[in-house]
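Remarks on the structure that follows.
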Amino acid sequence: MNAHSAPGTSRWPTDRPLRLLVVLHNLDIGGSQRNSVDLAAGVRDMGHEVVLAGPPGVLEDVIRERGVPFEAVEELVPDNIAPTARAAYKRIRDLARRVRPDLVHAYELTPALLAFLGPHRLDDVPMTMTINSMSVPDFMPATVPLQVCGPLIAMETRERSGPIGVLEIPTDTVGQYPDFPGGAAFRAELGIAPDEIAVVVVSRFARALKQEGLETAIRAAGRIAPYHRIRLVMVGDGPAMPELRALADATNARAGREVVLLPGLRVDPRPAYAAADIALGMGGSILRAMAFGKPCIVQGERGYFQILDRESARLFRWRGFYGIGDGGTGEDTLVRELHTLLSDEVRRKENAAFALELVRRHYSLEHALRVQMEWYRKALAAHVRPSRAEVARTVASVGAWFAARAAGRVKPDTFNSSERIAPGIAAPVPDWFDPDIDTDTGSIDIANAKTLKLQAVRRG
């Protein structure tokens, strides 16, 4: 049982700081991972006790710099947990018994399931989970308070007995800002002249979700190069690097100059963002570019590319900084959007100013911390010990999904696949959605929104 509260009566501790155990799924470079670390460190900076845990990775250095206690969980193997799941389950259970948290906050599927079956089930430790995938698996336990990163994802998630909330991907608008030092040095390092326009992408070079758009960006840069002094700078690394490198080399050879640059992974990518004249990306990457005051083009899948401006902002606030096109590579679309910005310096400045205004108002880390702390209060108040029936359903559902994956009936990246979320993306933004809502409890009232949706379906 939780050492700090009786079962079913979990409340915010009033006589001392909140004690949190935050379990991450991955400590490699990536938007959601870095945001998780920033939020945990921010909660600690507010005076609460925080212990971070997760598989070893490059972000350990960032955690150490922030001074947050860290527990390496070697048994949490990203993308291949099956062989070590039993050991990871025991490690997280033992870690929770040692830390004795008021609340466990688990990020993504594996830590959430292990925390649910371990400290939550066995010791009645309250928990919440954050799923930053494009969709939430139906097998996730329904009573555990769930946060997702966008209102559309919340609306598309199955009905739950536990609360569901939205914490839109935050970004640091204090440590990332216009005129951040290092941009000129980054350009000089790569040989980018002052009169050349740098289009910068900072991304994981993953095959799912990313590779298609990154390859399109390289081809589009090659087409534009004869007409504009453009340099496409792709900062990152990952499984798709060999294909991207080969395509970049071929593109540069045809152009007769180095149009596409792949300088590799940067643990601190801020100088790369600062060096950009135009940013290209999706999700957290584009939000960070906005914090630097850059004009942005949002990348999605199936050929989706669209300029971020006042007209498109409501769409992106509803479904996240992402989209799904009509098919194909979208190369013509990206060439058109790039040409629009490359040819119009005034529009670049206007879009940059709007992007900065938008990210500071709705996506700052300070705002996210207020939302997160309010969510912790809600999660503690909503805590219930899982029933045997819920545990059995969860175990059976997870087992069935892994069996289907092993048999090749489902893809490993199902929950980030465009097929699963395409219907919601294709649907229009609901009339009731107000993108200017800015509260400390989330972007929208999910329960009320789902009621409105159901009423609209019945009327239809």
Side-chain angles (χ1 to χ4, degrees), residues 24 26-42 45 57-68 168-192 194 196-205 210 214 217 231-238 261-299 308 321 348-349 351-369:
L24 306 183
N26 195 318
L27 283 176
D28 292 337
I29 293 295
S32 63
Q33 295 93 294
R34 181 58 191 259
N35 290 334
S36 305
V37 171
D38 286 343
L39 282 169
D45 292 344
V58 296
L59 286 177
E60 285 182 70
D61 291 339
V62 176
I63 295 171
R64 279 193 286 270
E65 289 173 5
R66 298 297 300 270
V68 181
E168 293 166 298
I169 297 173
T171 198
D172 180 5
T173 56
V174 175
Q176 302 177 130
Y177 50 88
D179 300 321
F180 180 87
F186 183 85
R187 291 174 71 105
E189 174 192 340
L190 299 183
I192 302 173
E196 289 183 309
I197 296 180
V199 179
V200 174
V201 181
V202 179
S203 176
R204 288 181 296 112
F205 294 170
K210 310 285 188 180
L214 296 173
R231 304 289 290 274
L232 175 64
V233 185
M234 303 176 70
V235 178
D237 202 351
L261 306 172
L262 284 85
L265 179 70
R266 300 294 171 103
V267 175
D268 182 0
R270 289 180 296 177
Y273 284 110
D277 297 296
I278 298 170
L280 172 66
M282 64 174 70
S285 178
I286 213 69
L287 286 164
R288 284 188 289 278
M290 292 162 62
F292 287 89
K294 305 298 180 180
C296 298
I297 298 175
V298 175
Q299 169 196 335
L308 167 66
F321 290 80
R348 291 203 303 270
K349 290 181 178 179
N351 287 6
F354 171 72
L356 183 61
E357 170 195 335
L358 182 65
V359 75
R360 284 180 171 174
R361 180 175 181 189
H362 292 291
Y363 297 93
S364 72
L365 187 59
E366 291 71 28
H367 170 68
L369 283 168

Applying side chain to side chain contact (heavy atoms under 4.5 Å, CB included), run through F186 and V200 and close with a yes or a no.
CA-CA 12 Å; F186 183 85; V200 174; 5.5 Å; no
Can L24 and V37 be said to form a side chain to side chain contact (heavy atoms under 4.5 Å, CB included), step by step?
CA-CA 9 Å; L24 306 183; V37 171; 3.9 Å; yes
Going through the distances and angles, do L214 and V201 end up as a side chain to side chain contact (heavy atoms under 4.5 Å, CB included)?
CA-CA 8 Å; L214 296 173; V201 181; 3.6 Å; yes
Could you walk me through whether E366 and T173 pass the side chain to side chain contact (heavy atoms under 4.5 Å, CB included) test, one step at a time?
CA-CA 8 Å; E366 291 71 28; T173 56; 3.7 Å; yes
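Q33 and D28 get closest at one heavy-atom pair: NE2-O, 3.4 Å. When every heavy atom of P271 is checked against every heavy atom of G182, the shortest pair comes out as CB-O, 3.6 Å. The heavy-atom pair separating L356 from P178 by the smallest distance is CD2-CG, 3.6 Å. Of all the heavy atoms in S364 and P170, the pair that sits closest is O-CB, 4.2 Å. Smallest separation of non-hydrogen atoms from A368 and L39: CB-CD2, 3.9 Å. For the pair I169 and Y363, the tightest heavy-atom approach, listed with the atom from each and the gap, is O-CD2, 3.3 Å.
Note: L232 CG to I278 CD1 = 10.5 Å, rounded to the nearest 0.5 Å.
Between T171 and M290, every side-chain heavy-atom pair lies at or beyond the 4.5 Å cut-off. Taking the side chain as every heavy atom from C-beta outward, L365 and V174 never approach each other to under 4.5 Å. Within the 4.5 Å cutoff, side-chain heavy atoms of L27 are placed close to those of I63. N351 places none of its side-chain heavy atoms less than 4.5 Å from the side chain of L308. Looking at P263 and L190, their side chains come closer than 4.5 Å, going by heavy atoms from C-beta outward. A 4.5 Å side-chain heavy-atom check between R66 and D45 finds at least one atom pair inside the cut-off. No side-chain heavy atom of I297 sits under 4.5 Å from any side-chain heavy atom of V199.
Between the side chain of R231 and the backbone N or O of G191 there is at least one donor-acceptor pair closer than 3.5 Å. Between the side chain of K210 and the main chain of S203, no donor-acceptor pair closer than 3.5 Å is present. Put simply, the side chain of E60 gets close to the backbone of G57: a donor and an acceptor are under 3.5 Å apart. Remark: side-chain polar atoms of K294 are not paired, donor with acceptor, to backbone N or O of R348 under 3.5 angstrom.
Qualifying side-chain hydrogen bond (donor to acceptor under 3.5 Å, both in side chains) partners for E357, counting only residues two or more places apart in sequence or in other chains: R310.
Residue pairs meeting the side chain to side chain donor-acceptor pair (under 3.5 Å) criterion with at least one partner in residues 267-277, sequence neighbours excluded, are R187-D277, D268-R270, Y273-S285, Y273-R288.
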